[in-house]
Asker: 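I'd like to ask you about the structure that follows.
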There are 2 protein chains.
Amino acid sequence: MNEIKKDNTEDKILKAAKTIFIRKGMEGARMQEIADEAGINKALLHYYFRSKQKLFEAIFVNLLTQIFPNITTLLLSDKPIEEKIGLFIEKYIDMLLQNPYLPAFVLKEINRDSDFFEKTFSNRKIDLNLIFNMLEKEMEAGNIRKMNPRDIMANLLAMCIFPFAAKPMLKLLLFGENHQQYDQFLEERKSTIKEFVLNSIVLPKS
Amino acid sequence: MNEIKKDNTEDKILKAAKTIFIRKGMEGARMQEIADEAGINKALLHYYFRSKQKLFEAIFVNLLTQIFPNITTLLLSDKPIEEKIGLFIEKYIDMLLQNPYLPAFVLKEINRDSDFFEKTFSNRKIDLNLIFNMLEKEMEAGNIRKMNPRDIMANLLAMCIFPFAAKPMLKLLLFGENHQQYDQFLEERKSTIKEFVLNSIVLPKS
DNA sequence: GTCTATAGATGGATAGAC
DNA sequence: GTCTATCCATCTATAGAC
């Protein structure tokens, strides 16, 4: 039952739509463009998915479920907290290096139609409370500094995601003429973010 | 010479266009909408600015020059490094609290037409090298930990800006049902980011 | 300078043949 | 299921009266 014979028309459409929507966004994408990418014509898009909106929703909902789950489980394993955070950052940056358009796309769409986003996101029932509890236990145990665990999460996501979402600006701001160095900078952040975070929150063993 | 008599048509248009473009973006904004907001009709928009693109560029270029300069000067004053970083974060978050739509707008537009952005941005000649030099001096003096100053800058901007740009998602992710607490969370980050950064980079006085 | 009216282009959606 | 042809709404842009 493992996704055999994936080259039927519906899958071709979904694959093409995903590519185009992520690159151009809902408003920027053209149905003709998606049809071309899929090697079919516009009418077929409407035959399989009634409207552009419906097609977009299919892509977007699928993307949301794809992004979150894998990474959070890692934070709930029984490794030491330093190692868990280090691995989280590495995995997350690796994912972003493989999907560099994703951050800008998601940010654009959640701000364009935040009502729709909130509805679909709430359905996913993603719950970080287990992670927050874990962090608070580490604070009680004196392993990390006492602070709002939501700030840890926000800072981690911010430092990982923002440099991808703001790439056209940050690469010029940080490197000027030599902005081709930016991709290497992103790669190196797997270790620099880790150092930055651990230096901030890990307490010395007594 | 101080911008007297600001209520001529051109200024009304610019003000209206700024509001609408920031809220809807270049692609989402409608010329009719801007005309309504300005209390005039569509044709006048084209009389003053030849095209939607030209009107957008006027707004966008103006915004870029407005955002950057004030804040960087602060980092070059002769206060202690801890104080400079603390003030930078406070000022920056305050600016974002007053312009909450700005981050999502800028990120959307620099990714939509990054060629245009790179051209206009390069003209601004914003140069962070003086700031990087200052940070490196502080490292040499043993005041802060040795690291790539670009990571400091990237992390600062990320932690300040990202929670605004990703608000529709982060508020649900961090607070779930109680997401009305998010605005207070943003406000408090003026001090929590400061603690987070200083704990990471400031070295103890020997 | 400001308006109404309309041209012209684009793009989502549908009808209907095969 | 897949195609071509076309409809129709939307939106930028312009013509022309005042």
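Below, chain A is the first sequence line, B the second, and so on; all start at residue 1.
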Asker: In this structure, how many angstroms lie between the P atom of D:dT10 and the CD atom of B:Glu27, rounded?
Answerer: 19 Å

Asker: Taking the six-membered ring for Trp, are B:Phe60 and B:Phe116 parallel (under 30°), tilted (30 to 60°) or perpendicular (over 60°)?
Answerer: tilted

Asker: Does any donor atom in the side chain of B:Thr65 or B:Arg124 lie under 3.5 Å from an acceptor atom in the other side chain?
Answerer: no

Asker: Rounded to the Å, how far apart are A:Phe56 CZ and C:dG12 C1'?
Answerer: 16 Å

Asker: In whole Å, what is the span from the OH atom of A:Tyr48 to the P atom of C:dT14?
Answerer: 17 Å

Asker: So, for B:Phe175 and B:Phe185, is the gap between ring centers shorter than 6.0 Å?
Answerer: yes

Asker: How would you list all residue pairs meeting side chain to side chain donor-acceptor pair (under 3.5 Å) that involve residues 74-98 of chain B, not counting sequence neighbours?
Answerer: B:Asp94-B:Lys190

Asker: Could you list by number each residue of residues 30-47 of chain A showing a heavy-atom separation from DNA chain C of less than 4.0 Å, or answer none if no residue does?
Answerer: A:Arg30, A:Met31, A:Lys42, A:Ala43, A:His46

Asker: Between B:Thr9 and C:dT2, is there a side-chain N or O to OP1/OP2 distance below 4.0 Å?
Answerer: yes

Asker: So, A:Arg112 and A:Glu109, do they make that salt bridge, N to O below 4.0 Å?
Answerer: yes

Asker: What's the shortest heavy-atom distance between A:His179 and A:Lys171, and which atoms?
Answerer: CB-O, 3.5 Å

